[in-house]
Amino acid sequence: MANVVRTKVIRMTGARSEPQRRSDCGDSDGWQCGQRAVPMRAAESEYGGESGGKRLKKSRESGKMNGIMSITELPKNYDAASAEPRIYQRWLDSGFFNPDTCIEKGVTPADAKPFTIMMPPPNVTGVLHMGHAMMLTLEDIMVRFARMRGRRTLWLPGTDHAAIATQSVVEKSIHKKEGVSRHDLGREELLRRVEAFAKESHATITSQIKVMGASCDWSREAFTLDEQRSLAVRTMFKKMYDDGLIYRGNRIINWDPKGQTTISDDEIAYEERAATLYTFRYAKDFPIPIATTRPETKVGDTGVAVHPNDERYAKYIGKEYDVNFCGVSLHIKIVADKEVNPAFGTGAVGVTPAHSMIDWEMAQRHDLPVKQVINEYARMTVETEQLKDKKVLEARDTVVAWLKEENLLEKEEDTVQNVATADRTGGIIEPMPKLQWFISVNAKFKIQNSNRETTLKDIMREPVADGRISIIPDYFGKTYFHWIDTLRDWCISRQIWYGHRIPVWYRKKVKSQKSKVKSLGTESDSTEVYCDVNPPEGDEWEQDSDTLDTWFSSGLWTFSTLGWPSSAKASEGKPSDLEIYHPTDILETGYEILFFWVARMVLMTGYALNDIPFRTVYLHGTVRDAQGRKMSKSLGNGIDPLDVAQKFGADAGRMALVVGNTPGTDSRISEDKIRAYKYFANKLWNITRFVLMSVDSEDVVRFATAKPEVRTDADRDILTKLDAAIADITGNLDRHIIHEAANQAYQFAWRELADVYLEASKGQLADESLKSNTGHILVWCLMNTLKLVHPFAPFVTEELWGKLFGESDTSLLMVQCWPT
RNA sequence: GGGCGGUUAGCUCAAUUGGUAGAGCAUCGCAUUUACACUGCGAGGGUUAUAGGUUCGAGUCCUAUACCGCCCACCA
């Protein structure tokens, strides 16, 4: 054995003494990586006198046992299911997912340019689906490509506590199993249950991420509700509170009666439903008829609005009327507002300030009183016997019956109504005024360390508008701007228990007592308010019972994961993670959370760090089934990524998700497509099998080290095609054209190397004068092909790399140089 | 109502700055025990939705139309 190694090393000296081709794998920015192809590292270290020589021997020796195999040992077919978990464990053991380890072990230069992706944290609500698989695949491709090019590559994984989503999953399950509600359990017990669920869900999710082959740095894993992220959230809240950007106000909000919480505008899903449009008068002597689809809310009307230029009603503007409507006394003022469309209905709107966003705004303009008539349980609160405590739909029937009885109903028309529902619970939203916390998006403030005055809206808009952040595909920029333009203040408080509790405390003001704690304001004459990262001293303070919208903590993701605020600065001369890895390079996520998340990250980062969170936003589409339907539990048409990995291999699933799928476009996935890429992995396996069969195993390392000669047309052709493939794939990955790069890697390996050159090589190998060089070309092309395919199908390529070059930490394909 | 995207082979989708329209799957024919049957070779199949325009040249740029899809917006 020792002999074998020595012989080979002697041969390799020859290769090394030739003009040394440093396996430079500089990327487009001219960065060099410290890696070399394994064989070269081995040869070099033999001379370098370090432990590398031993490492090589060890690698070769262990290789004989479980790594490098003779052809008789290599089965005819690749068995992904058994190989993949073993390979992932090798990657984990190597420590190379952590960029610091890469530097320590010398596979990445210490001065390498960083490359960072923050994994969009999956919700801890259950299991991963194909959309997650898509996200993990695209990011892993970007990350592996960057790592092989010598970048200091960090892909930071994590999970999201997903406040409402998670709590409602657990609440439903408890209700089903035990028939009790959260109020029966109490805050503490419910939180205990939710946390147990989240923990279990987290374990499932991380194991699934590993199955997909994600090369993320588990040592830096984060959770949106862990101690560090909680500190970040409280720090941010306090900062925004002090700047007047977070305020508490009694304003109209979206109330979800089913979830018993407020939700933001973005968490509403509109559903078209058949409805009836009723045209009626409040009373016989009321001059203007109005139309509505919600007669029950009319008991909360305080005005009627008409268009200022509407001649029909001009004479009534400014007049006030007292009527008795379905047993309720109303005081109605006629106002003129240009928001009213004179062509719709009767051209007059009954203004219900407490239960309609638009009406609320109209009431503000005309100083109309707000009269709440519906409560948190979607029941009527008016004192009239026939309506009190009735559910809104029952109340609607009651009011309509009353209108008919009184002969006030003038018309009934079928119409389609856009009903606002909560996208998590399906509950019908009841707008109502409530005391809640908001982030002001239009308030002016001075950005830190500068005198520049700005607004949060501008902070969101500017980096995209001036190109510091680019969005792929670019047309989503238009959608982004449109959303910002119509943005209202963001309601951030939720009446649920699972989440970041609002860092605000209240206490009754005691006039005689001198406060030990400096109160930051007073909510009213009788209550003091305290906001800070930590609770105030004293027992008399009571914390706000609400929690924060989950997107508040998600918005901090790119920098809360890097140690902000506790270890944001350099210490002991060492730069902090935040300084090294932020801003991140790419944010890769589904287009459906452009507003929820992407915009919020731009907001939070711009505000807290005066910086951008990422340079590029890559948006992928929705993964659909073979018929183009969305995958859903109720349809039962979902494909489980774990099943795919088990049946076809994770590599096959990855390739199927990526090839031919352009950013921003929905894609379809089917077993047929995945199977095609399982065959591809097998093709790579058999190319390697053929090469190992055709080439003396002692020559493999040498052939991989130096570029071969051209002896025949076939030789020239394949080497030209290889160069073209390298250039094309590299260029496309640089420009994030992943679907094309993946296809090119596939085409080169199968259509050029396997179908053409391997066939041609059979004749050449039989010719003694060509045999050696042909073997050389085969090994050379295979080695480069494995590198080119690795980002897309990391498992099979890593497995084959081990078969060719032995299995040791430093000979892992994942840290080899990208070919040039 | 406003905005955005799409329409290319039987199906699913590509086509980087305008330069011979490609791939996978499916279909048909041939090969036959081979590195791989999880195989190879070959074939058929497209007036790039429609109508105009710009250009030496258009799937690609411009205008209009039709259809499909998505997002936003509580015309009450």
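A note on names: the letters A, B, ... follow the listed sequences, proteins ahead of strands, and every chain is numbered from 1.
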When you measure from the side-chain N and O atoms of A:R675 to the phosphate of B:C38, is any distance below 4.0 Å, counting only OP1 and OP2?
no
Euclidean distance for C1', B:G29 against B:U17 (whole angstrom)
42 Å
base_contact_polar (B:C75 base, A:N341 side chain, donor-acceptor, <3.5 Å)
yes
Taking only the side-chain nitrogens and oxygens of A:R488, find out if one of them lies under 4.0 Å from OP1 or OP2 of B:C74.
yes
Ignoring hydrogens, what is the shortest heavy-atom contact between A:A754 and A:I687? Give both atom names and the distance.
CB-CD1, 3.8 Å
Using atom CG of A:L619 as one end and atom P of B:G5 as the other, report the distance to the nearest whole Å.
14 Å
Reckon A:A754 touches a base, only the sugar-phosphate, or nothing at all at heavy-atom distances under 4.0 Å?
base
State, without any angle test, whether A:T302 and A:K333 hold a side-chain donor-acceptor pair at a distance under 3.5 Å.
no
Is A:E361 salt-bridged to A:R488, cutoff N-O under 4.0 Å?
yes
Across all strands, who's sitting opposite B:G69 as a Watson-Crick or G-U wobble pair, both distances under 3.5 Å?
B:C4
Opposite nucleotide pairing with B:G45, Watson-Crick or G-U, both atom distances under 3.5 Å:
none
Nucleotide nearest A:T479 (side chain, heavy atoms from C-beta), chosen from B:G24, B:G40, B:C71
B:C71
Paired nucleotide for B:G24 [Watson-Crick or G-U wobble; both distances under 3.5 Å]:
B:C11
Under a 3.5 Å cut-off for both distances, is B:U33 Watson-Crick or wobble paired, and to whom?
none
Inter-nucleotide P distance (B:G59, B:G53), Å rounded
15 Å
Within less than 4.0 Å of OP1 or OP2 of B:C74, is there a side-chain N or O belonging to A:Y270?
yes
Any side-chain N or O of A:T665 less than 4.0 Å from the OP1 or OP2 oxygen of B:G5?
no
Check ion pair A:R365-A:E339 (N to O, under 4.0 angstrom):
no
Donor-acceptor pair under 3.5 Å, A:R735 side chain vs B:U16 base
yes
With both distances under 3.5 Å as the test, what is the Watson-Crick or G-U wobble partner of B:C61?
B:G53
Ignoring hydrogens and angles, are the base of B:A35 and the side chain of A:E759 linked by a donor-acceptor pair under 3.5 Å?
yes
Distance between the P atoms of B:G5 and B:U47, in whole angstroms?
27 Å
Side-chain-base donor-acceptor pair under 3.5 Å for A:K683 and B:C36:
yes
Is there a side chain to side chain contact (heavy atoms under 4.5 Å, CB included) between A:V373 and A:H355 once you walk through the steps?
CA-CA 8 Å; A:V373 295; A:H355 300 289; 3.7 Å; yes
B:A15, OP1 or OP2 - any side-chain N/O from A:H739 closer than 4.0 Å?
yes
Distance check, P atoms only: B:A43 and B:U7, in whole angstrom units.
28 Å
Identity of whatever pairs with B:C38 - Watson-Crick or G-U, under 3.5 angstrom:
none
Quick test of your reading of the model: are A:D625 and A:R629 salt-bridged, counting only N-O distances below 4.0 Å?
yes
Whether A:R689 contacts B:U39 is assessed here as follows: a side-chain N or O lying under 4.0 Å from the phosphate OP1 or OP2. Is that the case?
no
